[in-house]
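We count residues from 1, following the sequence as given. In each ligand, atom 1 is the first atom listed, and ligand 1 is the first ligand listed. Source: prediction; values computed, not measured.
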Amino acid sequence: MPDLLLGQTLSFSGDPFAQGPEAARHERHGAVLVDGGRVTEVGPAARLRAAHPQARVHDYGPALICAGFIDAHVHYPQTAIIASWGKRLIDWLNTYTFPEEMRFADPAHARTIAARYFDLALAHGTTTACSFATIHPASVDAFFAEAQARGLRALAGKTCMDRNAPPGLRDTAQTAYDDSAALLARWHGVDRLSYVITPRFAPTSSPGQLEALGALWAAHPDCLMQTHLSEQTEEIAWVRDLFPEARDYLDVYERFGLLGARGVYGHAIHLTDRERARLLEAGAGLVHCPTSNAFIGSGLFDMDGLRAAGQVVGLATDTGGGSSFSMLRTMAAAYELAQLRGRALHPAELMWLATCGSARALHLDDRVGNLAPGMEADLVVLDLASTPAIAQAAARAETIWEALFPTIMMGDDRAIGAVWVHGRPRAGPAQ
Ligand code: GUN
Ligand code: ZN
């Protein structure tokens, strides 16, 4: 039996960075018909109710139904060290991240944290995540098994590092290749899961390892490849020392076959003009991680310039360098960082980034990230009055954008009224 969700609806017929807020479709009394795990119709409630009298009705009142959030860059193994005080990137990795990632040698720890991560992500309305795992193959197994158990679309890869990491957290060029290839064969395309080839970043891979992973990608061109690019100035200087022959940071990846349209590059803050031109030419995906960039003090991503140039950009928490599991909080941080560069992102642009933009960067925009017939029914229902502070601000709204913006800026998991995964409501308080 089909399900009919009633509420306000928000979807996109285009890119609001190019077309303005008119690229969004809002229905005040809207409905979404879900059947067989997919959205089959979106339209006015009155019309869909009349056309589908047999459907099971879920009336969400004035809440806003939209596509589930897509977190395009996260480190699920860093769940337990989120919000660790102090340090810049390299110290933060050495002090908090690597010791915690070492614990994933124990598959039981990996399973515990993977389950915890997905429960937190879903509670915050995130229905798809693209994660780095650790160097341990079992950390990838744990992530995919927990995603599979929840029916989620999810992406991840074994994080490869063969230098500049502590003993116990290093693989080799050969084991990185072999383990990644075995995991890819085990998980890629199984249910809603995708394997992502994952060199952590240039400083923790030898030239031999980067070359091996470039070869693996060439052998599996339908896979995504994810890594980090130009996050902090000290990191960029380090890359220059480690790879003196490269023209710039991106050139390191390019030399080893790690630049392409299916490449997904986290941060991309301090880019040269040459790097921008090459990324655009390649059609690569950039992932903006604003809470992380503020938290670790990395810098101000050039959202306005990069989007105006036509770059593909997604949005992400970068948990646990990022300080939140919430894509609402992440949109708020994106708004604030863009303000510091003199650009006020419109709520339509923020919502688009957290759904369609991330889906596009992950090459999933034909499946998730929007409310449209044929899309997989991963949905979030936002309560636009989830706290007294938000409710009193939203009460004055005259447009959907004024009603939604207080939730974007101040909302958290309390704003998540319901979550649907692949056409099924998740158990929760507001179902
Ligand atoms: N660069 C390399 N590894 C990491 C990581 O785990 N987090 C962040 N924010 N940047 C990185
Ligand atoms: Zn990261």
Side-chain angles (χ1 to χ4, degrees), residues 71-104 113 117 129-136 139 143 155-166 169-171 176 196-205 209-210 213 224-239 242 249-250 252-253 258 263-270 285-301 314-325 330 333 337 358 361-362:
D71 192 341
H73 178 121
V74 36
H75 299 256
Y76 96 80
Q78 299 170 15
T79 294
I81 56 144
I82 191 168
S84 293
W85 180 84
K87 317 266 185 196
R88 286 181 60 80
L89 175 62
I90 308 303
D91 308 319
W92 175 84
L93 284 172
N94 288 320
T95 310
Y96 301 115
T97 308
F98 290 160
E100 175 61 19
E101 292 193 7
M102 213 106 66
R103 297 183 63 189
F104 285 69
I113 300 296
Y117 169 73
C130 181
S131 186
F132 288 62
T134 66
I135 68 148
H136 313 97
S139 72
F143 180 85
L155 310 88
K158 172 195 132 67
T159 295
C160 301
M161 302 196 270
D162 68 347
R163 65 169 167 172
N164 295 318
L169 213 52
R170 288 199 295 254
D171 49 18
V196 186
I197 296 165
T198 307
R200 181 176 213 118
F201 67 157
T204 47
S205 287
Q209 179 166 86
L210 293 173
L213 294 174
L224 298 178
M225 187 289 306
Q226 64 180 347
T227 189
H228 296 86
L229 175 68
S230 291
E231 179 178 2
Q232 287 211 336
T233 48
E234 303 92 316
E235 168 207 8
I236 295 164
W238 193 20
V239 170
L242 289 168
Y249 198 152
L250 184 67
V252 175
Y253 295 135
L258 295 170
V264 186
Y265 303 85
H267 303 289
I269 300 170
H270 309 281
L286 311 183
V287 185
H288 180 34
C289 308
T291 71
S292 170
N293 298 164
F295 185 74
I296 314 183
S298 301
L300 303 177
F301 182 83
L315 191 66
T317 62
D318 191 31
T319 302
S323 54
S324 175
F325 293 95
T330 303
L337 295 201
S358 285
L362 299 176

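- Rounding to the nearest 0.5 Å places CZ of R200 at 10.5 Å from CD1 of I135.
- Under the 6.0 Å cut-off for aromatic ring centres, H73 and H288 do not qualify, their centroids lying 6.0 Å or more apart.
- For the atom pair E101 CD and Q78 CD, the distance stands at 5.0 Å (nearest 0.5 Å).
- The OG atom of S139 sits 12.0 Å away from atom CD1 of I113, with the distance rounded to the nearest 0.5 Å.
- Polar contact with ligand 1: present for E231 (N/O pair, distance under 3.5 Å).
- With respect to atom 3 (N) of ligand 1, the closest heavy atom belonging to the protein is R200 NE, 2.8 Å.
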Pair C160-D171, side chain to side chain contact (heavy atoms under 4.5 Å, CB included): steps then yes or no: CA-CA 7 Å; C160 301; D171 49 18; 3.8 Å; yes
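- Taking OG from S358 and CG from L315, the interatomic distance works out to 5.5 Å, rounded to the nearest 0.5 Å.
- For ligand 1, the atoms lying closer than 4.0 Å to a non-hydrogen atom of F201 are 1 (N), 2 (C).
- Taking the six-membered ring for Trp and the full ring otherwise, F132 and H228 have centroids separated by under 6.0 Å.
- Nearest to atom 4 (C) of ligand 1 by heavy atom, out of H267, H228, Q78, is H228.
- Among the atoms of H75, an N, O or S atom is found under 2.8 Å from the Zn ion (ligand 2).
- To the nearest 10 degrees, the angle centred on the Zn ion (ligand 2) between NE2 in H73 and OD1 in D318 reads 90°.
- Distance from atom 9 (N) of ligand 1 to its nearest protein heavy atom, with residue and atom name: D318 OD2, 2.7 Å.
- Of all atoms in ligand 1, listed by their number and element, those nearer than 4.0 Å to a heavy atom of H75 are 5 (C), 6 (O), 7 (N).
- Closest to atom 7 (N) of ligand 1, if we only count protein heavy atoms, is W92 CZ3, 3.5 Å.
- Residue H228 counts as close to the Zn ion (ligand 2), with an N, O or S atom under 2.8 Å.
- Using bins of under 30°, 30° to 60° and over 60° for the plane-to-plane angle, the ring pair W238/F201 lands in the perpendicular bin.
- Atoms of ligand 1 found under 4.0 Å from any heavy atom of L89, numbered from 1 in the order shown, are 8 (C), 10 (N), 11 (C).
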